[in-house]
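Shown next, in structure tokens, is the structure this report addresses.
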Amino acid sequence: MHPKRTDKIATGIIYAVVATVVAILVFLIGYILYNGVPDITWHFLTSQAQSFSAGGGIRDQLFNSLYLLLLTLIISFPIAMGAGIYLAEYAKDNWITDIIRTSIEVLSSLPSVVVGLFGYLLLVNQLNMGFSILSGAIALTFFNLPLLTRNIEESLNSVPNLQKEAGISLGLSDWKTITKIIVPEGLPGILTGVILSSGRVFGEAAALIYTAGQSAPSVSYTNWNIFNANSFLNPMRPAETLAVHIWKVNTEAVTPDAHAISSGSSAVLIIVILIFNLGARFIGNHIYKKMTAAK
Amino acid sequence: MKKKNIISAILLFGAFIAVLTGCSNNSKSSSSSSDSSASGKITAVGSTALQPLVEKAASNFQKDNSKISITVQGGGSGTGLSQVQDGSVALGNSDIFAESKDGIDAKKLVDHKVAVVGMAPVVNKETGVKNLTMDQLKKIFTGKTTNWKDVGGKDQEITVVNRAEGSGTRATFEDAVLGGDKAVKSQEQDSNGTVQKIVESTPGAISYLAFSYINDKVQAVSINDVKPTDANVETNAWPIWSYEHMYTKGEAKDATAKFLKYMDSSAVQKDLVGKMGYISIHDMKVQKDAKGTVSNK
Amino acid sequence: MKTYDFNDKYIIDLKSEMAIETENIQVSYGKNQAIFDTSLKFPRFKIISLIGASGSGKSTYLRCLNRMNDKIATVDGKIMYRNVDINDPKTNVYEVRKHIGMVFQRPNPFAKSIRENILFALKENGIHDKNELEERLEMSLQDAALWEEVKDELDTSALALSGGQQQRLCIARSIAMKPDVLLLDEPASALDPISTSKIEDTVQLLSKNLTIIIVTHNMQQASRISDYTAFFHMGHIIEYNQTRKIFTKPKIKATDDYISGDFG
Amino acid sequence: MDEIQRKLQQNSKATREDHLGRTICYICIGLIIALVTCILYFIASKGIATFTKDHVNVWQFLTTSNWEPTTMDSKGRPIVGALPMIVTSFSVTLLAALVATPFAIGVAIFMTEISAKRGAKLLQPVIELLVGIPSVVYGFIGLSLIVPFIRHIFGGTGFGILSGTLVLFVMVLPTITTLTVDSLKAVPMHYRQASLALGATRWQTIYKVILRSATPGILTAIIFGMARAFGEALAVQMVIGNALLMPKNLVSPASTLTSKLTTDIGNTVMGTLPNDALWSLALILLLMSLFFNMLVRFIGKRGNIKNAS
């Protein structure tokens, strides 16, 4: 066939494929928002959940989701950073590196149920941490780590080697060169990775059912003592997240308005992720500009 | 193995976790103190069906007993029983008798029955069936009857939706209906909510649900012309029912005892239990033992 | 391809004070040897050109002089700087690089402001005195002939500069460290003729206080600016002599062929 | 000896920094390895108990199709055969990847080659958003839209491998797309320019140059997608039907490893056979993902060698 015609046909097919995918995406998101947004009220966002009467809200679940995400990032980001730097800058091309890469891939392909059960037995039972935000955050760290590590490695590798040479030729240590020159330049890429993995953390339910638990005891939002059981900041309290709440409301609870709650929660979840994405992008660009002083 | 696990765990999470582990250990030890004013931390784990009731009761209870903090978790009856047996939680919630669960030593556990739950077969509304004999029901669930027209409904294939193997609901239903025969292999679902939704939307579907999950979108089926009502359960005229149990390892003490007493009080039994769609233990005119033998109270 | 006898070489014996001396440098990448037995002396405050065809090893050799080949290749032999063998693994490589700076083929400013490009390494090396920093900033940009062009926009991104300006910024960044020796790896090869001549002027100016070793493809450039020239061929040093002599009366056939373009 | 000579021969702040940095990195990577070892050991030791403690025959476990852990066969061994779940898991995973890959590659090409600015700007956030939709929500949309749809077209109950595939297709699409975009972006610009300069059409450039050199990356993307599909539990559980039967066709109820695991784990008691057998399923899940990883490495290495020569 004539190459020009092939080119046209292929381009046409690609447009069709993209159109299909966009249609699916728009439909999905539209479906969730269309069903959910009418249920979102101020009361819905700011009141406590009800287990067997209508009119419950999602205040605690929403906060728990955010708090859990924050804790997960606090735990996983530094580890992923170190590991990513190791792979991008220090790792030699040998069998040890091969094993390390394989382990990371294995970790990333672990089914979340398995991670949840592992977390349940190890963290909740053996280490006596109980059903708690911290157990949940550590369990989520398990599959957040490989995603982040890979992404950080790639972002660092995409910074031209010339930059590293520039740094070390000035007598800076490798470490300084990496942290002060290469990492800032890879930052936008790293941030995208963090956003992507955060999305996953946010929507994760299976691993949390067995680690962070599926109840949201009432907490006081004025108690800032992190060690107090009533404090909203206490990482040792059990916490049901939004995604787990959707699961529970749909599968088990006898709440009369389960459908409204779950579609409302789904919409809230998506909106929060959207805000988070845009916010992180904005902050990322801002940090990048500030660090590089580029105008 | 336990030791190895701990060692590798320590390797993993280092001092950070160690500190927090310390914290949680502290809070645990405080619960074992035999203070008469009853303070401490109670964890109840197990049956997802019982969880909302206990949760609500716990939050009411804590209003008057601010020193006691109660954590309620799901996880399933098996989890609840094994955890209370291990001593890792104070209360194990279960839909079934500990005696009927493999790997549980029922002699070490003390049973506290907190509610009764009735279950009924439910079918998709379009099947046109509202009543079945016990024998018909058994034939459907053992796979001998496969079309609704054989039991007086439409000419439509029967889709059996069973409950997860080992779940309390299934055990109760099979005890009462199948009489030792094996259920046909079919779809299995773990949760009431999902079953409700599937029966509602799948033509020809049959399953069974706890009374509280039966709504007007599915058709509850009478058996031998007996209607699935609370009153019929109380007299055992409706035979498919079971207890909701809260197990303790040995006799309950201090805070736990106080909470169990509250669960048995009229505040819970008269009000909450009914709201939840359960039947109060006080209203039962018969009782059932672990072997399924029913006797008058 | 013509073959030459690698034993047929001429290396001038220099007596003046030396900035760097190398003894029997051998470099290999895995099993491939890139540099064979190279011993050269670089006199202080002079400009020395390293010339040779692509792949002759001149860049590899240059990169050895401030240990930029660490982790990339195996480098054997001695590199004497101030009576210290800086090729010894025990030598503090970061200190070495402070005294022996390097500018690369392609301009590689940091994605920071012009000011930060110059001052970043200084601050990291413990200079915090504001006056001193400002002084070094101006001095280095002056020396790199960039000051007039950028003095009003020191806080804009270095990436907004033209290629030639970026390269001079990189030179300024290196000389702000007040090095003893500056290694230039084909610094003008990616630039237009005007930028190239500016760089050449800069280099000549700098040689008053610095020893400069420059790798270049451009033989006119070598002859224009350098005092001494070394010719590399296939990993071997063939001839090292005063630039004038190399370009007018080369002593070795291979050099002659290369310079007259009758090569390869 | 002057000051400079002394400094040259001494460790400095930079040396210490570098040591510290290296140590930090080693600790981090060590932590990950310890974690993986810990999980592997943990799941393996639990999963093997079925065969060592309860004396189930491994071969029987993998090749028979009866799962009744509470009943014993004539030799007094429990009847546990995981074949239907293995077959179903493989089917949904492979089918979902098969359906999703062309779409993902199409979208990725669109985002990197055809409309790199506007297309990417528009699609990127939406795709990232899709990753964040919880699997529960996918499950319920599947249950309320896809299952009735399939039932309407093919009859039956609508539950089964086909529904599972369709739900998973949407779920793995963002994963595969994002990673494919990354690998296409990693193809150096000069490949494209060189190809176009030689007179190749855009499609020839995309097909012969860009996709070729990005093949290992795309394969990795597919494997990552399959891994997600393979491990997905809650969404699949809702639409697959959870029947412990050999799947006869794509629209009969079936059960995957994960759906069985999530459905039953809460109802079993730790240390008993029904529980151990479930952990064996988890072990199979783990081994399969290991196997996939090995496969992709193998293909990746072959691809690299081809490219190099």
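In what follows, every chain begins at residue 1, and chains take the letters A, B, ... in the order their sequences are listed. This structure is a prediction, so every number in the text was calculated from the model and none was measured. Heavy-atom basis, side chains included; hydrogens, waters and symmetry copies ignored.
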**Message:** Working to the nearest 0.5 angstrom, can you tell me the gap between A/K4 NZ and D/Q204 CD?
**Reply:** 9.5 Å
**Part of D/S144 lying under 4.5 Å from any heavy atom of chain A** = side chain
**Prompt:** Roughly how far, to the nearest 0.5 Å, is CD1 of D/I32 from CG of A/L145?
**Reply:** 5.0 Å
**Message:** With a 4.5 angstrom heavy-atom cut-off, is it the side chain or the backbone of A/S265 that approaches chain D, or both, or neither?
**Reply:** neither
**Request:** Measure across A/A206 and D/L234 and return the closest heavy-atom pair with its distance rounded to 0.1 Å.
**Result:** N-CD1, 3.7 Å
**Request:** Work out which heavy atom in D/I33 is nearest to a heavy atom in A/S103; give both atom names and the distance.
**Result:** CG1-OG, 4.4 Å
**Request:** Check whether any side-chain heavy atom of D/F103 lies under 4.5 Å from a side-chain heavy atom of A/I24, and answer yes or no.
**Result:** no
**Spacing of D/I29 atom CD1 and A/I96 atom CD1 [to the nearest 0.5 Å]** = 11.5 Å
**D/V107 portion near chain A, given a 4.5 angstrom heavy-atom threshold** = both
**Asked** What pair of heavy atoms forms the shortest contact from D/C28 to A/G82, and how long is it?
**Response** SG-CA, 3.6 Å
**Request:** Using non-hydrogen atoms and a 4.5 Å limit, figure out which bit of A/I178 sits close to chain D: side chain, backbone, both or neither.
**Result:** neither
**Prompt:** Using non-hydrogen atoms only, which part of D/T37 is less than 4.5 Å away from chain A: side chain, backbone, both, or neither?
**Reply:** neither
**Message:** Between A/V115, A/I79, A/V201, who has the most heavy-atom pairs with chain D when the cutoff is under 4.5 Å?
**Reply:** A/I79
**Message:** Need one label for A/V22: side chain, backbone, both or neither, based on atoms under 4.5 Å from any heavy atom in chain D.
**Reply:** side chain
**Item:** Greater than 12 external heavy atoms within 6.0 Å of D/F149's CZ
**Value:** no
**Residue part contacting chain D, namely of A/P78, when any heavy atom lies under 4.5 Å** = backbone
**Contacting moiety of D/I39, where chain A heavy atoms sit under 4.5 Å** = both
**Prompt:** Does NZ in D/K208 sit with more than 12 non-hydrogen atoms of other residues, nucleotides or ligands closer than 6.0 Å?
**Reply:** no
**Prompt:** Under a 4.5 Å heavy-atom cut-off, does chain D meet the side chain of A/E154, its backbone, both or neither?
**Reply:** side chain
**Message:** Heavy-atom cut-off 4.5 Å, strictly under: side chain, backbone, both or neither for D/P174 against chain A?
**Reply:** neither
**Prompt:** Where on D/R16 is there a heavy atom nearer than 4.5 Å to chain A: the side chain, the backbone, both, or neither?
**Reply:** neither
**Item:** A/Y34 atom OH, neighbour heavy-atom count above 12 within 6.0 Å
**Value:** no
**Request:** Locate the shortest heavy-atom distance separating D/C25 from A/W175; write the atom from each residue and the value.
**Result:** SG-CZ3, 3.8 Å
**Item:** For chain A, the option from D/L290, D/I114, D/T258 that forms the most heavy-atom pairs under 4.5 Å
**Value:** D/I114
**Request:** With a 4.5 angstrom heavy-atom cut-off, could you sort out which part of A/I13 is near chain D: side chain, backbone, both or neither?
**Result:** neither
**Prompt:** Which of these passes side-chain contact (heavy atoms from CB on, under 4.5 Å) with A/V114: D/L283, D/L286, D/L281, D/L261?
**Reply:** D/L261
**Atom group of D/L173 that falls short of 4.5 Å from chain A, counting heavy atoms** = side chain
**Message:** Quick check for you: to the nearest 0.5 Å, what is the distance between D/D182 atom CG and A/R150 atom CZ?
**Reply:** 8.5 Å
**Request:** Please examine the side chains of A/V17 and D/F110, heavy atoms only from C-beta on, and report whether any two atoms are closer than 4.5 Å.
**Result:** no
**Request:** State, with a plain yes or no, whether a side-chain heavy atom of D/V36 is found less than 4.5 Å away from one of A/T102.
**Result:** no
**Complete:** Among A/I246, A/I32, A/L117, the residue with the most heavy-atom pairs under 4.5 Å to chain D is A/L117
**Asked** Where does A/I195 contact chain D at under 4.5 Å (heavy atoms): side chain, backbone, both or neither?
**Response** side chain
**Complete:** Heavy-atom closest pair (A/F118 atom, D/W279 atom, distance to 0.1 Å) is N-CH2, 4.4 Å
**Request:** Tell me, for A/S197 versus chain D, whether the close heavy atoms (under 4.5 Å) come from the side chain, the backbone, both or neither.
**Result:** neither
**Item:** Most chain A-contacting option - heavy-atom pairs closer than 4.5 Å, from D/G231, D/A233, D/A200
**Value:** D/G231
**Prompt:** Checking A/R101 against chain D: side chain, backbone, both or neither under 4.5 Å from a heavy atom?
**Reply:** both
**Request:** Check whether A/D98 gets within reach of chain D through its side chain, its backbone, both or neither, counting any heavy atom under 4.5 Å.
**Result:** both
**Message:** I'd like to check A/L121 versus D/K46 (side-chain heavy atoms, cut-off strictly below 4.5 Å). Are they in contact?
**Reply:** yes
**Request:** Drop me the distance from D/K13's NZ to A/L172's CG, to the nearest 0.5 angstrom.
**Result:** 9.5 Å
**Request:** Could you look at D/T178 and say if it's the side chain, the backbone, both or neither that has a heavy atom under 4.5 Å from chain A?
**Result:** side chain
**Request:** Against chain D, label A/I29 side chain, backbone, both or neither, depending on which of its atoms sit under 4.5 Å from a heavy atom there.
**Result:** side chain
**Complete:** Rounding to 0.5 Å, atoms CD1 (A/I85) and CD1 (D/I24) come to a distance of 8.5 Å
**Request:** With a 4.5 angstrom heavy-atom cut-off, could you sort out which part of D/L145 is near chain A: side chain, backbone, both or neither?
**Result:** side chain
**Asked** Counting distance only, does the side-chain N/O of A/D7 pair as donor-acceptor with the main-chain N or O of D/W203 below 3.5 Å?
**Response** yes
**Request:** Could you tell me which portion of D/L123 (side chain, backbone, both or neither) has an atom closer than 4.5 angstrom to a non-hydrogen atom of chain A?
**Result:** side chain
**Prompt:** Can you name the closest pair of heavy atoms from D/A14 and A/S173 and give their distance?
**Reply:** O-CB, 3.3 Å
**Close side-chain approach of A/T6 to D/T201, heavy-atom, < 4.5 Å** = no
